[in-house]
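Accompanying notes for the structure given below.
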Amino acid sequence: MAADDRAHTHESYAFACLSCGFGWEQEFEIEHVTDVGGQPTVRYLVDGRLVPSPLTQPSCPNCGGHRVRVLKAGTVAAVLPPDGPEEEPPLG
């Protein structure tokens with residue numbers, strides 16, 4: 001297939017593991033292509049590597065669990081604490 005036969009888009013998703021509570025975000029390059037049988041198909045890539053669709057049974061990179069909720073991009077970052085621990089007020 002010629003490179004110009006591909007339509008490229010980028011999408012980001014947020015994920016939350018329902019097993020361990022880990023949250024993360026990932027950006028995907030999405031290629032809309034026509035397979036050898038002439039059927040339209042979608043390929044997901046991360047850093048140029050072909051990966052499974054993030055919408056079909058994602059895995060948690062922290063615990064390997066598959067109880068993962070897919071969320072709108074920015075959702076995880078909106079609830080993360082600011083960098084670094086909060087300082088305790090001095091005693092006494």
query: Is the backbone N or O of Gly74 less than 3.5 Å from a side-chain atom of Glu25, with the two atoms forming a donor-acceptor pair by type?
result: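 It does hold such a pair.
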**Asked** Is a side-chain donor or acceptor of Asp35 paired with a backbone partner of Gly37 at a separation under 3.5 angstrom?
**Response**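 Side chain of Asp35 to backbone of Gly37: a pair is present.
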Can you check side chain to side chain contact (heavy atoms under 4.5 Å, CB included) on Thr9 and Glu31, steps first, answer last? CA-CA 7 Å; Thr9 59; Glu31 288 184 344; over 6 Å; no
Original post:
Please, which pairs that meet side chain to side chain donor-acceptor pair (under 3.5 Å) have at least one residue in residues 13-24, sequence neighbours excluded?
Top reply: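 Sorted pair list: Glu11-Tyr13.
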Contacts of Thr41 that satisfy side chain to side chain donor-acceptor pair (under 3.5 Å) - sequence neighbours left out
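None.
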Qualifying residue, where the test is side chain to side chain contact (heavy atoms under 4.5 Å, CB included) with Val46 and the options are Gln26, Glu27, Glu29 |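 That would be Gln26; it is the only one of Gln26, Glu27, Glu29 passing the side chain to side chain contact (heavy atoms under 4.5 Å, CB included) with Val46.
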ask   = Do Phe28 and Val42 share a hydrophobic cluster (ILVMFWY, side-chain heavy atoms under 4.5 Å, transitive)?
value =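 Yes, Phe28 connects to Val42 through the hydrophobic network.
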hydrophobic_cluster_shared for Ile30 and Leu71, side chain cutoff 4.5 Å =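 Leu71 does not cluster with Ile30.
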Which pair of heavy atoms, one from [X] and one from [Y], lies closest together, and at what distance?
| X | Y | value |
| --- | --- | --- |
| Arg43 | Val33 | CD-CG2, 4.0 Å |
| Ala73 | Ser12 | CB-O, 3.4 Å |
| Pro58 | His66 | O-ND1, 3.5 Å |
| Val68 | Cys60 | CG2-N, 3.9 Å |

Beyond-backbone contact of [X] with [Y], side-chain heavy atoms, under 4.5 angstrom:
| X | Y | result |
| --- | --- | --- |
| Pro61 | Phe22 | yes |
| Val70 | Leu55 | yes |
| Thr34 | Gln39 | no |

Please list, chain by chain and in numerical order, all residues satisfying ring-ring contact (aromatic ring centres under 6.0 Å, His included) with Tyr44, sequence neighbours excluded.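 Per chain and number, Tyr44 pairs via ring-ring contact (aromatic ring centres under 6.0 Å, His included) with no residue.
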